[in-house]
Amino acid sequence: MASDFFRQVYRVVSMIPAGQVATYGQIAAYVGNPRAARTVGWALHGLPAGSGVPWHRVINAQGAISTSREGSRAAQQRAMLEEEGVLFDERGRTDLARYGWKGLR
DNA sequence: ATAATGACTGGGG
DNA sequence: ACCCCAGCCATTA
């Protein structure tokens, strides 16, 4: 566990500013593997609570929460994002064009 | 080393 | 918009 890949993922996710969200594919691209979106999800899956990593700011390319397809974590993720200013529509989606993280630039 | 799995993504019907 | 399918990748058994 905790391979270099995971650490890179954690580092990138930690860079996401509050009030903004990034997609799994985007994180994957930042670590050098734009095709490893699934692996990014896997990395966050094994991430313990209180690790300091804002995993809740990572969502799928559709701007929706995919957290294990359902569960208490999904609801909590939505709540945390709303608290940061990220609003969801009726369909549970965010406006990536507005909240999407553009990167460090 | 091979097979299965999963918090993904994009393309096609 | 919705549903289904195939491709991709690192980790785990």
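Note that this is a predicted model, so its numbers are computed, not measured. Chain letters run A, B, ... following the sequence lines, proteins first, then strands; residues in each count from 1.
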With hydrophobic residues grouped by side-chain heavy-atom distances under 4.5 Å, do A:Met15 and A:Phe6 end up in a single group? yes

Under the criterion side chain to side chain contact (heavy atoms under 4.5 Å, CB included), I'd like the reasoning laid out for A:Gln62 against A:Arg93: C-alpha separation, chi angles, the key distance, then a yes or no. CA-CA 7 Å; A:Gln62 297 178 21; A:Arg93 285 177 158 192; 3.9 Å; yes

Which listed nucleotide (C:dA10, B:dG6, B:dT9) is nearest to the side chain of A:Asn33? C:dA10

Specify the separation, in whole Å, of atom CG of A:Leu44 and atom P of B:dA7. 11 Å

From CZ of A:Arg38 over to P of B:dG6, roughly how many Å is that when rounded to an integer? 9 Å

In terms of side-chain heavy atoms of A:Thr23, which of B:dA7, B:dT9, C:dA1 is nearest? B:dT9

Under the criterion side chain to side chain contact (heavy atoms under 4.5 Å, CB included), which of A:Ile59, A:Leu81, A:Val21 is the partner of A:Tyr99? A:Val21

Rounded to whole angstroms, how far apart are CG on A:Leu96 and P on B:dC8? 15 Å

C:dA10 phosphate, OP1 or OP2: any side-chain N/O from A:Arg7 under 4.0 angstrom? no

Of all the nucleotides listed (C:dG7, C:dT11, B:dA7), which has the minimum atom distance to the side chain of A:Ser3? C:dT11

d(CG, A:Asp4; C1', C:dA10) in whole Å: 12 Å

Test A:Val9 against every option in A:Asp4, A:Asn33, A:Val40 by the side chain to side chain contact (heavy atoms under 4.5 Å, CB included) rule and name the one that passes. A:Val40

Ignoring hydrogens and geometry, is there a side-chain-to-backbone donor-acceptor pair from A:Tyr10 to A:Ala43 under 3.5 Å? yes

Looking at every heavy atom in both A:Gly19 and A:Val86, which two are closest together, and how far apart are they? O-CG2, 3.5 Å

Other residues, nucleotides, ligands: >12 heavy atoms within 6.0 Å of A:Glu83 CD: no

Measuring from the side chain of A:Thr39 (C-beta onward, heavy atoms only), which nucleotide among B:dC8, C:dC2, C:dA10 has the closest atom? C:dA10

Nucleic acid contacts - residues 53-61 of chain A versus DNA chain C, non-hydrogen atoms under 4.0 Å: none

Roughly, in whole Å, what's the span from CD1 in A:Ile27 to C1' in C:dC9? 16 Å

Interatomic distance, A:Trp42 CH2 vs B:dT9 C1' [rounded to whole Å]: 18 Å

Donor-acceptor pair (no angle test) under 3.5 Å: A:Arg35 side chain, B:dG10 base: no

In this structure, how many angstroms lie between the C1' atom of B:dA7 and the OH atom of A:Tyr10, rounded? 12 Å

Side chain of A:Ala36 only, heavy atoms from C-beta on: which candidate in C:dC2, B:dA7, C:dC9 is closest? C:dC9

With a 4.0 Å cut-off on heavy atoms, is A:Arg93 in touch with a base, just the backbone sugar-phosphate, or nothing at all? sugar-phosphate

Using atom CD of A:Gln8 as one end and atom P of C:dA10 as the other, report the distance to the nearest whole Å. 11 Å

